[in-house]
Structure formats: structure tokens, C-alpha cells
Amino acid sequence: MAHGWQKSHCFVAVYDLSRESAVQAVKYIEGTLSMKTEKLGKDCLINAAKTAMNSKIIGAESSFFAQMVVDAVQSVRTVNDMGDY
């Protein structure tokens with residue numbers, strides 16, 4: 001019985017350690033590697049949209065759809081409680 005408990009305890013400990021490592025990695029990416037989309041420029045956003053939508057269906061018209069997606073995303077703004085963007 002104790003042997004089974006040890007395996008469960010080990011699994012939970014490894015899970016907790018993995019979760020904490022993932023949280024730290026996300027915080028690092030958010031704080032160090034991320035940047036506002038305004039700084040990237042529209043060309044960079046269009047290329048990202050093309051890559052994300054790359055398929056045989058959209059492939060031939062990827063520029064058209066990428067432009068549409070970027071225009072739509074740039075038109076959306078998040079406003080805080082103070083009315084600031």
C-alpha cells in the first residue's frame with residue numbers, strides 16, 4: 001500500500017514542478033520576448049497571418065485574407081476602466 005502512495009506522491013510532485021516551470025517560462029516570454037503589435041508593423045503582422053492561415057484552400061489568396069485579418073485585428077481595441085487603450 002505504501003508503495004502505491006509513493007508513486008502517487010512522486011507524480012504529484014513532478015506535476016507541481018512542471019507546472020511551476022511552465023509558469024516561469026511564460027512569465028519570461030511575456031516580460032522579455034514579447035512586444036506590442038504596434039512595434040512590429042503591418043508587414044510583420046501580415047506575414048504572421050499568412051503563415052497561420054497557410055493551406056491549400058487559402059494559399060492562392062493568402063495575401064487578400066491576411067490583409068483582411070490584420071485590418072480586423074488592428075481595428076479592435078481593449079479599453080480599461082479609465083477609458084485608456
Side-chain angles (χ1 to χ4, degrees):
M1 185 77 152
H3 187 63
W5 178 84
Q6 289 173 344
K7 286 183 181 179
S8 298
H9 180 70
C10 182
F11 176 77
V12 170
V14 169
Y15 173 80
D16 286 342
L17 182 62
S18 298
R19 182 181 47 81
E20 183 58 35
S21 294
V23 168
Q24 289 176 1
V26 168
K27 286 181 180 179
Y28 172 78
I29 290 169
E30 181 181 38
T32 308
L33 303 177
S34 64
M35 64 173 41
K36 298 280 186 186
T37 55
E38 292 86 15
K39 291 184 179 180
L40 291 175
K42 197 167 188 173
D43 289 339
C44 220
L45 297 175
I46 289 172
N47 286 335
K50 283 182 184 180
T51 300
M53 295 187 309
N54 192 14
S55 71
K56 292 180 182 178
I57 297 171
I58 295 179
E61 299 296 330
S62 65
S63 294
F64 171 76
F65 286 108
Q67 183 71 45
M68 184 189 315
V69 168
V70 170
D71 288 344
V73 168
Q74 287 183 327
S75 70
V76 175
R77 295 280 186 234
T78 302
V79 179
N80 65 17
D81 293 338
M82 301 298 289
D84 299 324
Y85 293 113

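For reference, positions follow the sequence shown, starting with 1. All values below come from the heavy atoms of this structure, side chains included, with hydrogens, waters and symmetry mates left out. Nothing here was measured: the structure is a model prediction, and the numbers come from that model.
- Between E20 and D16 the shortest side-chain heavy-atom distance does not fall below 4.5 Å.
- Here S63 contributes atom OG and E61 contributes atom CD; the two are 8.5 Å apart, rounded to the nearest 0.5 Å.
- Closest of all the heavy-atom pairs between M53 and S62 is CE-O, 4.5 Å.
- The other members of the hydrophobic cluster of L40, by chain and number, are M35, L45, I46, V70 (side-chain heavy atoms under 4.5 Å, ILVMFWY only).
- Cluster membership check: V26 does not share its hydrophobic cluster with L33, using side-chain heavy-atom separations under 4.5 Å among Ile, Leu, Val, Met, Phe, Trp and Tyr.
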